[in-house]
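First the structure, in the form of structure tokens, and then the observations on it.
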Amino acid sequence: MLTAKYGHMRAVPRDFYGRDVVTVSRELLGKVLVRQEGRRVRAGRIVEVEAYLGIDDPAAHSAAGKTARNFVLFGPPGRAYIYFIYGNHYCLNFSCEPDGKAGGVLIRALEPLVGLELMAEARGIEGDLTKLSQRRSLTSGPGRLAEAFDITRERDNDKNVTLAKSDLRVVDDGFRPEKIAVTPRIGITKAADEQLRFVVAGNAFVSGKAFSR
DNA sequence: ATATCGATTATCT
DNA sequence: GATAATCGATATG
């Protein structure tokens, strides 16, 4: 059964995250985010990410040094850094670089694989999930995917996503993107021209304008 | 199809 | 007191 497939797959190890942020960002494309609560499994393929460098990146939360908010970015690799933004939304990142060095990858969009009904429920969406437009609205955007996976700062910040027992983790099912596209990051004002957004080229679940029919 | 705008709060100046 | 790594609703072409 498909849920069992992602439920038992090996987690991506800590060493994967303990490298430079750009490399980790590119290689995270195609990996699978899993939320497992007992028998209830949600899984989605990572199709869009952004790299936030350490203290040398004005757009990064870590730019001004370690604070109570951003300490996870400075800690060990492979931890979830969750921040709350615009009074409305949580966003999910993974800490990268070796312990003590800042850096993180923002997860911007997922292709839903398993547990779409659970995602729709978490999002408060009632619609026909056989329609691409409805499936897209589940997880195409950082705030949306966090809501779809019930990700909050209180629940998930600093959580180790490399552990098989973690209810929030990242696994590798062997999928590799054919082609990766690189663009500037979305929604920032500082360092807005840096090419640090990475997407699975042609994937319909990348955030932004919907594909027309 | 694109543009504009309000919501709502943790964080930092 | 201003801002923010966003979203969804509404308005307009």
Side-chain angles (χ1 to χ4, degrees), chain A residues 17 20-22 24-26 28-29 33 44 46-75 79-97 102-110 112 119-129 131-159 161 181-199 204-213:
Chain A
Y17 301 90
D20 76 276
V21 182
V22 171
V24 177
S25 297
R26 299 184 72 103
L28 266 176
L29 291 176
L33 179 70
I46 298 170
V47 296
E48 175 180 352
V49 301
E50 284 175 3
Y52 285 87
L53 316 181
I55 54 177
D56 295 326
D57 179 1
H61 290 173
S62 48
K66 192 199 272 192
T67 68
R69 178 203 196 190
N70 68 18
F71 71 93
V72 174
L73 292 172
F74 291 81
R79 304 293 181 91
Y81 166 57
I82 320 292
Y83 64 88
F84 187 61
I85 193 68
Y86 296 119
N88 289 314
H89 308 288
Y90 291 98
C91 295
L92 168 69
N93 304 252
F94 300 126
S95 62
C96 299
E97 307 280 354
V105 180
L106 171 67
I107 308 303
R108 287 194 55 89
L110 303 174
M119 297 181 201
E121 183 185 349
R123 294 269 293 119
I125 288 175
E126 322 186 8
D128 181 359
L129 291 176
K131 290 183 182 166
L132 176 61
S133 61
Q134 292 293 298
R135 294 200 309 279
R136 260 191 112 256
S137 69
L138 293 175
T139 54
S140 293
R144 289 170 170 178
L145 73 89
E147 187 171 52
F149 278 63
D150 286 314
I151 290 167
T152 67
R153 180 173 172 90
E154 294 70 27
R155 179 179 181 184
D156 298 305
N157 196 46
D158 202 26
K159 187 168 281 180
V161 299
V182 186
T183 79
R185 293 175 291 188
I186 305 290
I188 58 170
T189 55
K190 302 165 212 161
D193 49 346
E194 298 278 350
Q195 302 278 308
L196 290 173
R197 173 172 174 259
F198 305 94
V199 307
F205 295 89
V206 168
S207 76
K209 62 244 163 275
F211 283 62
S212 28
R213 280 272 72 197

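All chains are named by letter (A, B, ...) in the order of the sequence lines, taking the proteins before the strands, and each is independently numbered beginning at 1. Everything numeric in this text was worked out from a predicted model, so none of it was measured.
Between A:F84 and A:Y90, the angle of the ring planes lies from 30° to 60°, which puts this pair in the tilted group.
In this structure, A:E194 atom CD and C:dA5 atom C1' are separated by 15 Å, rounded to whole Å. For the pair A:L145 CG and C:dA5 P, the computed distance is 16 Å after rounding to whole Å. In this structure, CG of A:D57 is placed 11 Å from P of C:dA5, rounded to the nearest angstrom. The OH-C1' distance, from A:Y90 to C:dA4, rounds to 15 Å in whole Å. Taking atom CD1 of A:I82 as the reference point, atom P of C:dA5 lies 16 Å away to the nearest angstrom.
The only option from A:R185, A:R136, A:R108, A:R144 that meets the salt bridge (Lys or Arg N to Asp or Glu O under 4.0 Å) definition with A:E48 turns out to be A:R108. Only one option out of A:V105, A:V182, A:V49 pairs with A:R26 in a side-chain contact (heavy atoms from CB on, under 4.5 Å); it is A:V182.
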| task | Decide yes or no on side chain to side chain contact (heavy atoms under 4.5 Å, CB included) for A:Y81 and A:S95, but give the supporting numbers first. | result | CA-CA 7 Å; A:Y81 166 57; A:S95 62; 5.7 Å; no
| Full working for side chain to side chain contact (heavy atoms under 4.5 Å, CB included) between A:R197 and A:S207 | CA-CA 12 Å; A:R197 173 172 174 259; A:S207 76; 4.2 Å; yes
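For A:F74, the ring pair (Phe, Tyr, Trp, His ring centres under 6.0 Å) criterion is met by no residue, not counting sequence neighbours. Partners of A:D156 under the side chain to side chain donor-acceptor pair (under 3.5 Å) rule, at least two apart in sequence or in another chain, are A:R35, A:K159.
Across all strands shown, A:L106 has heavy atoms under 4.0 Å from base atoms, whether or not it also approaches the sugar-phosphate.
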| Where protein sits on nucleotides 6-13 of chain B, one letter per nucleotide: B base, S sugar-phosphate only, - none, heavy atoms under 4.0 Å | -BBB-SS-
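Judged by distance alone, the side chain of A:D57 and the main-chain N or O of A:Y52 form no donor-acceptor pair under 3.5 Å. A donor-acceptor distance shorter than 3.5 angstrom exists from the side chain of A:S140 to the backbone of A:F205, with no hydrogens or angles considered. At least one donor-acceptor pair under 3.5 Å links the side chain of A:N70 to the backbone N or O of A:G65.
Both A:T189 and A:P142 sit near DNA chain C, but only A:T189 has its closest nucleotide nearer the 5' end.
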| task | Dot-bracket for DNA chain B, please, read 5' to 3', with Watson-Crick or G-U wobble pairs under 3.5 Å on both distances, ( ) within the strand, [ ] crossing, | other strand, . unpaired. | result | |||||||.||||.
Between the protein and nucleotides 8-12 of chain C, are there any N/O to N/O pairs under 3.5 Å, and if so, what are the atom names and distances?
| from | atom 1 | to | atom 2 | distance (Å) |
| --- | --- | --- | --- | --- |
| C:dG8 | OP1 | A:R123 | NH1 | 3.0 |
| C:dG8 | OP1 | A:R123 | NH2 | 2.8 |
| C:dG8 | OP2 | A:R144 | NE | 2.6 |
| C:dG8 | OP2 | A:R144 | NH2 | 2.6 |

In residues 120-127 of chain A, what donor-acceptor pairs under 3.5 Å come from side-chain atoms, sequence neighbours left out?
| from | atom 1 | to | atom 2 | distance (Å) |
| --- | --- | --- | --- | --- |
| A:R123 | NE | A:S137 | O | 3.3 |
| A:R123 | NE | A:L138 | O | 3.2 |
| A:R123 | NH1 | A:E147 | OE1 | 2.6 |
| A:R123 | NH2 | A:S137 | O | 2.8 |

